[in-house]
**Q** 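Just passing along the structure, written as structure tokens.
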Amino acid sequence: MEQDELLPSAQVSDRVMGLRLLTGLVQGALLYWIYRSAQQGGWLASTPAVMAPLLMAGLLLPAMLISAMGYMAPKKLALWMLLAAGAVLAIALHAVQRDAGLQLPSGPGGNPAWRVLAGPVLPCGAVLLFIAHTLVLAGALDQRRIASYDRYFDLSWKLVVQLLFSAVFVGALWLVLLMGSGLFAMVKLDFFKKMLTEAWFNVPVICFAWSCAMHITDVRPAIVRGIRSLLLVLLSWLLLVAAVIITGFLCTLPFTGLDALWSTGHATALLLAADAVLIVLINAAFQNGHVKAALAVRVSARVAALLILPLTAIAVYALGLRVHDYGWTSDRVIAAAALVVASCYAFGYAWAAQRYETWLVPIAIVNVVTSMVVLAVLMALLTPIADPARLSVNNQMARLAKGKTKPALFDFHYLRFEGQRYGQQALEQLAQQSSGPEAPWIREQASKALKEVQPWTTARPGTLVSVRDNLTLWPQGARLPDSFAAQRWQGRDGSVPGCLTMAGMKCDALILDMDGDGQPEVLLFSGAGYPGPALYRRDSDGEWSLHGRLALQGSACPALVERLKLGQFQLVAPPIRALQLGGQVLQFQSAFDQDDCRTLTPASAAAQASASAPAAAPAAPSP
């Protein structure tokens, strides 16, 4: 099918152009009004149930309207836009409802509607509407409910190229405007520069430029067809590389085992990404099924179609292990939904690949059917049917109630900041819990979590089983105090290193008696990115807390760190007296620099001399 068949007729093209540009201006005015209302704090800003649907509709629906103008009859177009607006309304209202009652930062302008759409709601909604719009528009052009695969292929890739080049056009326009503002600024005229920072100017300009680019790419089919052909040919040759790499990866697994894969912590995501790459590249080679590809590309496509099945099977197994050990989270629910889609492709493409008499022709049927599966999955995730937050919170609470998750490892922080309204309700329930031996501690942690307002101020418990697994003790033979290892570090302030809260995070721990009271302190080296080694001591109430930090960066002078590990240090009084202000003692930091570091004995020599060097006072047994 030639792309010219998708071109509006000459009699209506001028009228369509005017309507498209008008749509862009209206979109710009609507988005500016929403932005301005949010900034001023008017009635719209205080009504997320109105603002969120308006914002989502203003961002997504105009692009659909512009692309359908000239191709659908006015009545059909109006009906389709009404249905699309209904879907946007349902998605946005559910997002607002699941966010209701949360006392969290709202985002730009202090409006919760920004937070509602800041996560996966907007991009997932955009993907859902793109797929649905392609199916509906193709059916309208073919005048049948299920269009031909040629029509689906031409239309979907045309829209992809239009969207990409419209974004490039808007970016190029903005660069030109920035250049103009710089030129005027050189002659002391800054009105242009100030104008570019004003929402009343840049929002309508961006929307108008977007609509203009959409129309230009629509009425120049040769441009779209040429770019699409070049893009698909280039991608099809990448399929050979991807097939070789993934085949090699799968062949190494029987020898390396899967443990290394599980240790990454994100095996499912990597495998799903590999699936997505293969699916895109296979379709780039297949196109509409009528293109004569090179033999190497055809063989690679058939091999790649068979590779998706084992990749998906391993991903399902990886996700199953994580769910069995730690339960469902929102990310794992979304991953499971992605695996449902990947499984459709995996079985469908394997079925197509085993039919040697055809050039993967059956994948046309698989693509159409799977696109409808994607619509159903996305609609379920974006509505109460399969809300990831609801499913994950219910599962985590059930695991806690059945004892599958120990209270000390339960993630209250997750319920607060990723459980949405369901997590809030679960925390309120836990804050009132009265049964069970751990009930007082659970109530305390749930109450603390309910008071948190910033997601980055609390250390996450992760999946840590034992602090001892994460710590390398120095000097050799030192013993970590039992009370330090047994302390519940989750829920404490954000200065707690990750090695005390999360599995797989490693720290060096120096056990020493800093104040000579016969009780050990713990000096943690948690990486060059931290402000310095942290000294923890046990307070009078029996709790370990941060007592101070050593003015030393390990990355700046590794030789000093090696000497500390080997016990080659002495405890001495500071050469400069400290300042005492209001009961607080302030110490001066030494002016140690890189030149001083170079004069130190290298670590290897220091290791040889460690036997004769005086060691630090031995750590006292843990009380």
Side-chain angles (χ1 to χ4, degrees), residues 19-20 22-24 26-31 33-34 37 43-44 47-100 111-141 143-147 152 155-156 159 163 207 211 214 334 337 341 368 371-390 420-421:
L19 291 174
R20 285 172 171 169
L22 179 61
T23 301
V26 172
Q27 180 189 22
L30 174 63
L31 293 179
W33 174 65
I34 294 173
S37 298
W43 71 270
L44 187 62
T47 316
V50 176
M51 182 176 176
L54 274 179
L55 180 59
M56 190 171 179
L59 290 171
L60 301 180
L61 295 185
M64 298 170 59
L65 179 61
I66 288 172
S67 65
M69 286 181 178
Y71 299 118
M72 295 182 69
K75 289 184 179 180
K76 288 185 177 180
L77 178 57
L79 178 60
W80 166 229
M81 295 309 299
L82 185 63
L83 292 174
V88 168
L89 181 64
I91 293 170
L93 287 181
H94 173 64
V96 171
Q97 184 266 343
R98 72 200 292 267
D99 193 71
N111 190 274
W114 302 112
R115 183 180 69 237
V116 168
L117 301 180
V121 174
L122 190 59
C124 288
V127 172
L128 185 149
L129 291 178
F130 175 85
I131 296 173
H133 185 64
T134 301
L135 295 176
V136 170
L137 188 54
L141 290 171
Q143 297 184 352
R144 36 192 267 197
R145 292 183 180 179
I146 304 298
Y152 287 134
L155 187 57
S156 59
L159 291 176
L163 293 173
C207 294
S211 61
M214 288 286 289
I334 295 173
V341 175
V368 175
S371 66
M372 298 178 183
V373 173
V374 173
L375 288 179
V377 169
L378 286 175
M379 202 64 191
L381 292 175
L382 295 172
T383 57
I385 299 173
D387 188 310
R390 179 180 65 83
Q420 302 299 324
R421 176 175 60 88

**Q** Taking atom CG of L128 and atom CE of M379, what is their separation to the nearest 0.5 Å?
**A**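 Answer for the CG-CE pair, L128 versus M379, is 6.5 Å.
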
**Q** Check whether any side-chain heavy atom of T23 lies under 4.5 Å from a side-chain heavy atom of S211, and answer yes or no.
**A**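 No, side chains not in contact.
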
**Q** Can you see which heavy atom on L159 is nearest to which on S67, and at what distance?
**A**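 Result for this residue pair: CD2-CB, 3.8 Å.
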
**Q** What's the spacing between R20 CZ and L65 CG if we round to 0.5 Å?
**A**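 R20 atom CZ to L65 atom CG measures 9.5 Å (nearest 0.5 Å).
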
**Q** Can you tell me if Y152 uses its side chain to pair, donor with acceptor, with the backbone of A147 under 3.5 Å?
**A**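 A pair under 3.5 Å: yes.
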
**Q** Hey, does L375 have a side-chain heavy atom less than 4.5 Å from the side chain of L135?
**A**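 L135 vs L375: side chains touch.
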
**Q** Is there a side-chain contact between L382 and H94 (heavy atoms, below 4.5 Å)?
**A**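 In short, these two side chains do not touch, never coming nearer than 4.5 Å.
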
**Q** Which atoms form the tightest heavy-atom contact between C207 and G24, and what is the distance?
**A**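 Here C207 and G24 meet closest at CB-O, 3.3 Å.
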
**Q** For A386 and L381, which heavy atoms make the closest approach, and how far apart are they?
**A**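 Taking A386 first and L381 second, the nearest heavy atoms are O-CD2, 3.6 Å.
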
**Q** Evaluate the side-chain proximity of L163 to M214: yes if any heavy-atom separation is below 4.5 Å, no if none is.
**A**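 Yes - at least one pair of side-chain heavy atoms lies under 4.5 Å apart.
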
**Q** I want to check something: taking the side chain as every heavy atom from C-beta on, are K76 and V136 in contact at a cut-off of under 4.5 Å?
**A**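 No, too far: nothing below the 4.5 Å cut-off.
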
**Q** Would you say M372 and I146 make side-chain contact, with heavy atoms under 4.5 Å?
**A**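 They are in contact (side-chain heavy atoms under 4.5 Å apart), so the answer is yes.
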
**Q** Do you know which two heavy atoms are closest between D387 and A389, and how far apart they sit?
**A**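 Result for this residue pair: OD1-N, 2.8 Å.
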
**Q** Mind telling me whether W80 and H133 have parallel, tilted or perpendicular rings, with 30° and 60° as the class edges?
**A**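 Rings of H133 and W80: parallel, as their planes differ by under 30°.
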
**Q** What's the separation between atom CD1 in I91 and atom CG in L129, rounded to the nearest 0.5 Å?
**A**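 If I round to the nearest 0.5 Å, the distance is 6.0 Å.
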
**Q** Return the minimal non-hydrogen interatomic distance between L93 and A49, and the atom names on each side.
**A**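 Answer, listing the atom of L93 first, then A49: CD2-O, 3.4 Å.
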
**Q** Which heavy atom of C124 sits nearest a heavy atom of L378, and at what distance?
**A**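 Heavy atoms of C124 and L378 come nearest at O-CD1, 4.0 Å.
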
**Q** Counting N and O atoms only, with roles assigned by atom type, does the side chain of R98 sit under 3.5 Å from a partner on the main chain of T383, one being a donor and the other an acceptor?
**A**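 Judged by distance alone, no pair lies under 3.5 Å.
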
**Q** To the nearest 0.5 Å, what is the distance between CG (L137) and CG (L155)?
**A**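 With rounding to 0.5 Å, CG (L137) is 4.5 Å from CG (L155).
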
**Q** Roughly how far, to the nearest 0.5 Å, is CG of L77 from CG of L82?
**A**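 Separation between the atoms: 11.0 Å.
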
**Q** Starting at CE of M81, measure out to CE of M64 and round the result to the nearest 0.5 Å.
**A**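 Those atoms lie 5.0 Å apart.
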
